[in-house]
Amino acid sequence: MAVTRFAPSPTGYLHIGGARTALFDLLWARKTGGKFILRIEDTDQSRNSPTAAEQVMNDLKWLGINWDAGPFYQSQRREIYDKYIAQLLNDGKAYYCFDTPDELGAIRAECERAKKNFIYARPENFPAEADVEAARAQGRPVVVRFCMPTGEIVVEDTIRGQVKFDCANLSDFIIQKNDGFPTYHLACVIDDELMGIDCVIRGQEHLMNTPLHIALQNALGFKRPAYAHISVTVSEGGGKMSKRDRAKVLKAAIKANPEIDLEKLIEVGGLTNDKLKRFLKGKEVPDNPQVDAMAKFLGIELPEINIVDFLKSGYLPETLVNFIALLGYSPGGDKEIMTLDEIIESFDPSRFNKTNSLFDRKKLLSFNTEHIKMLDAETLLGRYKDYLAVADSPAKGADDALLGRIVKSCDGARTLAEIDKKSRFLFCDNEEIEYDEKSVKKVLLKNDGEGLAMLALLKAGLNQLAEVTNESVEKMLRDLAEEKQLGLGKIAQPLRVAICGSTVSIPIFEAIDLLGLEKTIERIEAAIKKFSS
RNA sequence: GGCCCCAUCGUCUAGGUAGGCCUAGGACACCGGGUUUUCAACCCGGCAACAGGGGUUCAAAUCCCCUUGGGGCUACCA
């Protein structure tokens, strides 16, 4: 019966790394019949966006990562932290400091020059409350630092075994900031104790924080939870997969192309000239919506990083959960495609591996294909509608019966976006069809317009049909192929381009049936007219 | 720079905690072939790895050390 938690800081959308951490914490809680708690670590006033926590929760829900308690907001628990800070101060285990950022920076620079770790020089006599007021009066910042003990701290990590730290390398660290908020370390340790967290599964980037947390727990007389530091997910360029990766790709694209109309880009992105300059110089990163808008304007694809990015690209939540669970973890055996329940059932935290892993998008695509195949029709339709809602598709709002038939006609599809792409032509007016240049050339114009000639034959054939049914249309096409001694492709492809504008669509007979004979003939005529000159 | 983590096919990984069952298994990708009304799906076949160097041992992918290479942290961010 493990009690675990996911403790994101609400600085933006939930991204892959966070989702993976959340998933493993959920897995362990479910496997043991325990509890999974959501805690929002919003102790940084400057970095919190008001909607971010909401977004993170939406993304978790979409993935099916549901929490049993919370969300608890640390910003609403100030008195609790204050109480413990006072206690530490009282016990002489923490002390006030009044250094300015500049002073601190100078000490750091000096340490670097001496090739040493930064260690804050603890004063012999700690400042008294009266000194605090004096410092404030002088306009100096007031923070509280924790006294690191001496000796060695050994972290018992479920994944990595014993990891030893010499406290001589660890500095007294800040537990309360100038604005009165606790730092992450303090709030995290207190909440883990108060919320009864007994197992902390988190990213390896926290391994170095763990001795600090243990020191705090010891000073406060808290229990020590079990720790498991999971490997980091890295992206193609090397380095931890980060939200900044999308901006990075955008920046590279802008720099690589001097032809870009920067004025227009600024307008589309909704930022200022100065901000764009700072972005290109690597000094500032625009917001997500701004990055997206600029990418769309430039017609470039950004790598999916945030969970919503994957939704927008047509991935299933089932896919993400399955794929993420197999990054740095393996249940053993050859089975890879699994549902959340199967993953929970087979979950064994001793089977984590220590190596960082690369996020392989091709394999993700393949997982998506498998999961699309696995879903029952009703669930898949629901997922498709969720996708359409965010995809800016003309198919949005179409009735379930139609959408259901479309989805069914696309079995074998790799993403939901692919289904939309193959069937959009059904939702356009005839005049709105965009003819893909390459497709037109290849199947209509090539070989002296043999495709166009075929269209004429098709039109005549369709007009002569005594009775128009799916069967009669199909028979006509097949008879025509036989008569001309051609594969069906020679007939279907020109027809496809005429009615959908490209060589890729849902199966041709389904396409005609769904479009209707009237529009089909109209589009054939329009195509003949348009490309005959 | 300091501290810490890691190292099996191109990628995700099995095997490593009880060394011989590993002439190293699976999946994705890739290559070749088949099927086909497009794309996809599907079927058959193929390529491909224990980072390097020392030990320990009758025996090492598995244990130890070093080198090299990757990664993380190094904030009044979390």
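Fair warning: this is a prediction, and the values are worked out from it, not measured in the lab. Just so it is clear: chains get the letters A, B, ... in the order the sequence lines come, proteins before strands, and each one is counted from 1.
For B:G19, there is no paired nucleotide, since no Watson-Crick or G-U wobble pair has both relevant distances below 3.5 Å. B:C73 is paired with B:G2 under the Watson-Crick or G-U wobble criterion, all donor-acceptor distances under 3.5 Å. A 3.5 Å limit on both hydrogen-bonding distances identifies no Watson-Crick or G-U partner for B:U57. The pairing partner recorded for B:U35 is none, the criterion being a Watson-Crick or G-U wobble arrangement whose two distances lie under 3.5 angstrom. A 3.5 Å limit on both hydrogen-bonding distances identifies B:A7 as the Watson-Crick or G-U partner of B:U68.
Among the heavy atoms of the strands lying under 4.0 Å from A:Lys240 are primed sugar atoms or P, OP1, OP2 only; no base atom is included. A:Gln74 comes within 4.0 angstrom of nothing in the nucleic acid, heavy atoms only. No contact: A:Gly487 has no heavy atom under 4.0 Å from any strand. Contact annotation for A:Asn356: backbone-only contact, meaning every heavy-atom pair under 4.0 Å involves sugar-phosphate atoms and none involves a base. If you check every strand for non-hydrogen atoms under 4.0 Å, A:Lys490 touches nothing. Contacts of A:His229 with the nucleic acid, taken as non-hydrogen atoms under 4.0 Å apart, are absent. Contact annotation for A:Arg108: backbone-only contact, meaning every heavy-atom pair under 4.0 Å involves sugar-phosphate atoms and none involves a base. A:Gly239 comes within 4.0 angstrom of sugar-phosphate atoms only, judged by non-hydrogen atoms across all strands, and of no base. Using a 4.0 Å heavy-atom distance criterion, A:Arg202 is classed as making no nucleic acid contact. The residue A:Thr43 sits close only to the backbone: its heavy atoms come under 4.0 Å of sugar-phosphate atoms, none of a base. When heavy atoms are screened at a 4.0 angstrom cut-off, A:Asp179 is found touching no nucleic acid atom at all. Using a 4.0 Å heavy-atom criterion, one finds that A:Ile508 contacts the bases of the nucleic acid, with or without backbone contacts as well.
In the model, A:Thr210 has a side-chain atom that pairs as donor or acceptor with a side-chain atom of A:Arg202 under 3.5 Å.
Classification of A:Arg77 and A:Asp191 as a salt-bridged pair holds, one side-chain N sitting under 4.0 Å from a carboxylate O. Under 4.0 Å is where a charged nitrogen must lie from a carboxylate oxygen, and between A:Glu418 and A:Lys421 no such pair does.
Separating the C1' atom of B:A59 from that of B:G70 is a span of 32 Å, rounded to the nearest Å. Atom name P, nucleotides B:U67 and B:G1: the rounded distance is 14 Å, in whole Å. Nucleotides B:C30 and B:G20 have their P atoms positioned 36 Å apart, rounded to a whole Å. Comparing B:U57 with B:G19, their P atoms are spaced 16 Å from each other, to the whole Å. B:C66 sits 15 Å from B:U56 when the C1' atoms are compared, rounded to a whole Å.
Aromatic ring orientation, A:His371 versus A:Phe367: tilted (interplanar angle from 30° to 60°).
If you walk RNA chain B from 5' to 3' and mark each nucleotide with an atom closer than 4.0 Å to a heavy atom of chain A, the marks span B:G1 to B:A78.
For the pair A:Arg145 and A:Tyr95, the NZ or CZ position fails the cation-pi test of under 6.0 Å to the six-membered ring centre and within 45 degrees of the ring normal.
Shown are A:His185, A:His206, A:His229; of these, the ring pair (Phe, Tyr, Trp, His ring centres under 6.0 Å) with A:His213 is made only by A:His185.
In plain terms, the two heavy atoms of A:Pro211 and A:Ile153 that are nearest each other are O-CD1, 3.5 Å. Annotation for A:Thr21 and A:Gly203: closest pair OG1-N, 4.3 Å, computed over non-hydrogen atoms.
Take the nearest nucleotide of RNA chain B for A:Asp360 and for A:Lys363: the residue whose nucleotide is more 5' is A:Asp360. Both A:Arg496 and A:Asn353 lie close to RNA chain B; mapped to their nearest nucleotides by heavy-atom distance, the more 5′-ward contact belongs to A:Asn353.
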